[in-house]
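Here's the structure, in structure tokens; my notes come after.
Throughout, a chain's letter reflects where its sequence line sits, starting with A, and its residues are numbered from 1.
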Amino acid sequence: MSGDYSHNDSQIDSGSRYNVLLTDSHKHKEKYKEKEHKHKEHKKDKDRDKSKYSNSEHKDYSEKKHKDKEKERLKHKDGSSDKPKDKYKDKEKRKEEKLYDGRLKKEKENGFASPLHVKSEPESDDFYLSPKSLKRERDDDDSEYKPKKMKVENEDKSEKKAKKRKQEDEVREKKTKDKKGEVADGKKKAKKEPEEKWKWWEEERYTDGVKWKFLEHKGPVFAPPYEPLPEHVRFYYDGKPMRLSPEAEEVATFFAKMLDHEYTTKDVFRKNFFKDWRKEMTSEEKGKITDLNKCNFTEMHEYFKAQSEARKQMSKEEKQKIKEENERILQEYGFCIMDNHRERIANFRIEPPGLFRGRGDHPKMGMLKRRIRPEDIIINCSKDSKQPKPPPGTKWKEVRHDNKVTWLVSWTENIQGSIKYIMLNPSSRIKGEKDWQKYETARRLKSCVDRLRAQYREDWKSKEMKIRQRAVALYFIDKLALRAGNEKEEGETADTVGCCSLRVEHITLHPEKDGQEFVVEFDFLGKDSIRYYNKVPVEKRVFKNLQLFMENKQPEDDLFDRLNTTILNKHLQELMDGLTAKVFRTYNASITLQQQLKELTTADENIPAKILSYNRANRAVAILCNHQRAPPKTFEKSMQNLQTKIDAKKEQLADAKRQLKSAKADHRVCKDEKSKKAMEAKKKAVQRIEEQLMKLEVQATDREENKQIALGTSKLNYLDPRISVAWCKKWGVPIEKIYNKTQREKFAWAIDMADEDFEF
DNA sequence: GTTTTGACTTAGGATTTTTTGC
DNA sequence: GCAAAAAATCCTAAGTCAAAAC
């Protein structure tokens with residue numbers, strides 16, 4: 001393994017990226033509303049222009065303009081159009097690409113099945129076991145499932161290492177024993193096995209798309225049925241009490257429960273709610289209730305508030321009883337048996353009915369999310385398993401036995417018509433393997449990222465508009481860790497974008513800004529309607545290209561009009577096996593953590609200071625990935641409290657120092673054992689208080705810096721846990737300081753396999 | 001070839017539980 | 001023992017991406 005894990009700063013300056021984001025990204029909350037409004041306006045425009053926008057005439061039109069301009073700049077080989085939908089052209093282009101990519105293609109083909117490719121893998125490390133000689137205990141008939149040469153296989157190969165042969169042998173031995181007992185043994189072991197955790201990462205993976213061979217579970221837990229309100233809790237319409245039918249009442253309670261939430265003041269929310277509510281009313285109710293503004297839910301609202309208050313005030317015994325009941329349900333429904341192992345299910349409870357809460361400006365907010373019944377549910381399990389029983393008097397929609405998927409239960413939700421699933425916990429083998437594989441892909445990107453960067457920089461000069469756009473988009477995805485940006489159906493969801501779906505209105509070009517040349521100002525709403533705001537100096541060629549892409553376009557036109565995620569990912573797939581746009585996010589996040597940890601950690605710091613360094617490294621990644629959070633409501637107050645504590649501690653320290661001084665003086669005079677002891681004690685006290693003070697100060701810094709930044713998302717989804725584990729081992733920081741219990745369960749594989757010199 | 005669907009990961013906010021400091 | 005704060009967990013929406021359907 002090369003010792004170089006620097007992040008090629010000549011091309012990608014993560015340092016500046018970090019700083020720019022730090023200073024700008026979070027300052028602009030005020031502008032948010034304004035921007036939101038702007039989006040709405042644009043949307044209107046867009047609706048108006050929709051046909052124009054998507055039809056080819058428009059493309060031809062802008063095409064022509066592009067072409068005219070391009071003619072000046074580029075020598076067009078054949079003068080043909082660049083139109084992306086032009087079939088002939090496309091074929092030709094593909095040919096060209098093929099020709100051009102011949103070298104890469106070959107490399108890939110070779111690599112696919114031969115050691116050449118393996119070479120391009122990061123050198124395998126000590127922590128890898130050879131899966132070769134290890135067999136899944138459940139694979140008693142492996143011949144039938146002979147692994148094909150597949151992508152995963154490549155990774156497996158790279159992970160082989162003979163170093164832990166001894167251990168392997170042990171495992172193998174164990175497995176032979178296990179085989180005799182098979183299922184029964186597996187179950188028994190699973191039930192009382194808490195100490196001995198199963199190390200799935202020491203076993204061979206399925207490589208043929210099979211996800212499991214045996215799956216048994218109890219089905220989902222349904223939402224509790226609706227309990228009508230007591231008589232005394234009334235709903236008023238136009239000032240008069242009115243009894244509602246149970247169906248209408250239930251929906252009304254959904255609204256009543258949310259009364260002090262901002263949602264209920266939003267027009268769209270109210271409109272959608274009212275429309276769906278009326279669908280649940282009897283014709284009599286429908287006739288009466290015609291205006292939401294005349295509805296008074298406050299009594300209902302108060303009732304629910306009182307109820308939740310009462311729940312808090314419950315006696316210890318009552319609380320204990322509820323806890324036990326929950327535990328019982330968890331034990332019964334919260335686990336499944338998958339391939340001899342009892343594994344935790346993530347979301348075994350069906351989502352209860354309620355009002356849809358979209359994020360941002362969601363056009364469907366307030367709609368009724370209907371109750372899911374057994375008849376809506378598809379069960380997935382093994383044929384030879386004990387199938388879950390539907391509640392008495394009901395039926396499942398379907399029971400299927402598809403072992404090419406990982407879900408246990410699915411249903412179709414009524415807001416977007418999408419499918420929801422019940423799947424396993426992140427600590428499960430099936431999730432863990434995938435997670436591990438994700439980081440291995442990112443590590444493979446590390447070994448070829450230089451080549452890729454060189455290529456996209458070349459492509460900035462391409463004759464073909466499509467290729468230029470692709471190359472500039474890729475540059476953003478790499479440098480700024482933007483998301484891919486799939487197209488989304490308009491009017492169905494909030495108006496948010498990613499890289500490929502950026503519109504002209506989302507960027508502003510500044511030839512010169514704040515003393516820097518070629519600055520691009522980004523301002524758009526990304527996933528979950530989280531605002532991305534950033535000013536980035538870019539290379540001249542990128543800047544000029546952006547100018548070209550923006551020429552003769554309306555603000556609501558696509559910036560990359562000849563690009564989408566499919567085109568981009570197809571290209572990436574050709575550059576590296578398994579490469580997609582999101583791999584860049586994983587790669588850049590992980591490499592940044594590793595780099596920052598190296599930079600920020602100093603040997604002589606104590607543990608709290610080291611943890612601060614870790615959090616700062618983590619924070620650099622969160623900023624890069626734009627993981628924001630609303631500042632906690634109590635932030636200012638808790639910050640003040642902390643400051644008070646710090647001041648008090650300082651005073652205490654000064655006092656202790658004074659006492660030490662006088663004790664020293666005493667000792668100088670008396671020179672006896674007693675005074676010496678007193679002096680030592682005071683010394684210790686000063687030391688202790690200094691440490692406490694330091695801890696508080698570190699805490700304050702950490703908290704202040706973390707005000708609007710969420711560390712959890714990157715920690716859980718983007719940072720190769722082996723980097724953190726290695727760091728902990730190297731500096732003697734207990735892993736518990738970095739990962740809580742759940743996180744340790746999720747990352748058990750990494751904690752077990754990474755040693756202190758793991759390199760991402 | 002394009003659009004739609006399905007399966008899965010990633011995401012922030014809400015809620016619950018635990019810890020802290022008195 | 002209590003209230004407040006912090007941390008952990010739950011919840012489910014909103015993305016990505018590839019395969020299936022058209």
Side-chain angles (χ1 to χ4, degrees), chain A residues 84-85 87 90-91 209 211 258 261 263 308 311-312 316 319 322-323 326 346-352 354 356-360 362 364-365 369 378 380 402 404-407 410 412-413 415-426 430-431 434-435 438 483-489 492-494 496-501 525-530 564-566 568-570 572-573 578-583 585-586 589 622 625-630 632-635 637-639 641-642 644-645 648 699 703 706 708-718 739-743 745:
Chain A
K85 288 182 183 174
K87 284 179 192 170
D90 250 9
K91 267 187 191 165
K211 304 290 167 59
M258 292 177 73
H261 202 291
Y263 271 119
S308 83
R311 225 171 302 132
K312 273 185 221 157
K316 257 198 183 140
K319 279 184 181 167
I322 291 173
K323 212 174 166 185
N326 280 337
N347 54 326
F348 56 90
R349 285 172 205 274
I350 298 277
E351 296 172 19
F356 176 76
R357 303 150 91 115
R359 315 244 169 95
H362 198 117
K364 296 191 172 181
M365 64 169 78
K369 221 173 87 162
I378 302 174
N380 193 31
D402 181 356
K404 296 274 170 47
V405 297
T406 67
W407 54 268
S410 77
T412 303
E413 73 49 86
I415 304 289
Q416 318 276 356
S418 63
I419 309 169
K420 299 243 176 169
Y421 303 94
I422 290 182
M423 292 183 188
L424 296 195
N425 203 55
I430 214 158
K431 293 290 181 187
K434 200 79 186 296
D435 207 36
K438 172 181 77 185
R483 294 188 186 83
N486 285 316
E487 286 129 300
K488 16 196 279 183
E489 216 176 321
E492 295 292 301
T493 56
T496 63
V497 298
C499 186
C500 292
S501 51
L525 297 181
K527 182 177 179 179
D528 293 324
S529 291
I530 295 293
N564 60 41
T565 52
T566 310
L568 181 66
N569 281 335
K570 283 229 171 84
L572 292 175
Q573 186 60 46
L579 186 61
T580 63
K582 87 185 182 76
V583 177
R585 247 168 108 78
T586 312
C625 294
N626 200 39
H627 291 143
Q628 299 189 33
R629 61 166 187 178
K633 282 182 203 87
T634 53
F635 185 84
K637 206 176 138 214
S638 83
M639 214 58 210
N641 289 349
L642 196 55
T644 316
K645 265 194 235 168
Q699 202 185 347
R703 196 182 297 173
N706 235 19
Q708 302 180 56
I709 299 164
L711 299 186
T713 305
S714 50
K715 203 181 214 177
L716 238 46
N717 300 301
Y718 288 104
Y739 291 137
N740 67 31
K741 187 168 145 277
T742 315
Q743 294 163 340
E745 276 165 15

- Item | Gap between atoms NZ and C1', on K488(A) and dT5(B) respectively (whole Å) | 17 Å

- Message: When you measure only distances, ignoring hydrogens and angles, does the side chain of K527(A) come within 3.5 Å of the base of dT10(B) through a donor and an acceptor?
- Response: yes

- Flag the pair E413(A) / S418(A) as yes when at least one side-chain heavy-atom distance between them is below 4.5 Å, and no otherwise. yes

- Rounding to 0.5 Å, atoms CG (N380(A)) and NZ (K404(A)) come to a distance of 12.0 Å

- Message: Restricting to side-chain contact (heavy atoms from CB on, under 4.5 Å), what partner residues turn up for T713(A), sequence neighbours left out?
- Response: H627(A), N717(A)

- Do you know which of N486(A), T580(A), L572(A) makes side chain to side chain contact (heavy atoms under 4.5 Å, CB included) with T565(A)? N486(A)

- Choose from dA18(C), dA7(B), dT16(C) the nucleotide whose nearest atom is closest to any side-chain atom of Q573(A). dA18(C)

- Within the structure shown, what part of the strands sits under 4.0 Å from Y718(A) by heavy-atom distance: base, sugar-phosphate, or nothing? sugar-phosphate

- Message: Using the side-chain heavy atoms of R483(A), tell me which of these nucleotides is nearest: dA13(C), dA7(B), dA11(B).
- Response: dA11(B)

- Note on the structure: Between CG of L424(A) and P of dT9(B) the distance, given in whole Å, is 10 Å

- For T566(A), which residues count as a side-chain contact (heavy atoms from CB on, under 4.5 Å) partner, sequence neighbours excluded? N564(A), K570(A)

- Got a sec, which residues hit salt bridge (charged side-chain N to carboxylate O under 4.0 Å, His left out) with K420(A), two or more places apart in sequence or on another chain? E351(A)

- Query: Using a distance-only test with no angle check, is there a side-chain donor-acceptor pair under 3.5 angstrom linking T496(A) and K488(A)?
  - Reply: yes

- Of the nucleotides dA11(B), dC8(B), dC17(C), which has the atom closest to the D528(A) side chain? dA11(B)

- Hey, does G526(A) reach any base, or is it just sugar-phosphate, or nothing, if we go heavy atoms under 4.0 Å? sugar-phosphate

- Shortest side-chain distance from K582(A), nucleotide among dT16(C), dA14(C), dA18(C): dT16(C)

- Message: Just to be sure I understand the rule, does T406(A) reach a base, reach only the sugar-phosphate, or reach nothing, if contact means heavy atoms closer than 4.0 Å?
- Response: sugar-phosphate

- Measure the distance from NZ on K570(A) to P on dA18(C) and round it to the nearest whole Å. 9 Å

Pairwise N/O distances under 3.5 Å, protein to nucleotides 2-8 of chain C:
from: dA5(C); atom 1: OP1; to: K637(A); atom 2: NZ; distance (Å): 3.1
from: dA5(C); atom 1: OP1; to: N641(A); atom 2: ND2; distance (Å): 3.1
from: dA5(C); atom 1: OP2; to: K637(A); atom 2: NZ; distance (Å): 3.4
from: dA6(C); atom 1: OP1; to: R703(A); atom 2: NH1; distance (Å): 2.6
from: dA6(C); atom 1: OP1; to: R703(A); atom 2: NH2; distance (Å): 2.6
from: dA6(C); atom 1: OP2; to: S638(A); atom 2: OG; distance (Å): 3.3

- Task: Just call it for G712(A): base, sugar-phosphate, or nothing, with non-hydrogen atoms closer than 4.0 Å on any strand.
- Result: nothing

- Note on the structure: Atom CD of E351(A) and atom C1' of dG13(B) are separated, to the nearest Å, by 15 Å

- Message: In the structure I gave you, are the side-chain heavy atoms of K438(A) and D435(A) within less than 4.5 Å of one another anywhere?
- Response: yes

- Query: N717(A) has a side chain; which of dG12(B), dA18(C), dT10(B) sits nearest to it?
  - Reply: dT10(B)

- Query: On DNA chain B, nearest-nucleotide positions of G417(A) versus T713(A): which is more 5'?
  - Reply: G417(A)

- Message: Just the rounded figure in Å: distance from C1' of dC11(C) to NZ of K369(A).
- Response: 8 Å

Output a table of nitrogen or oxygen pairs between the protein and nucleotides 14-20 of chain B separated by less than 3.5 Å.
from: dA14(B); atom 1: OP1; to: H261(A); atom 2: NE2; distance (Å): 3.1

- Note on the structure: Residue set satisfying side-chain contact (heavy atoms from CB on, under 4.5 Å) with K316(A), at least two apart, ordered chain then number -> none

- Message: Is there a side-chain contact between Q743(A) and L716(A) in this structure, where contact means two heavy atoms from C-beta onward sitting under 4.5 Å apart?
- Response: yes

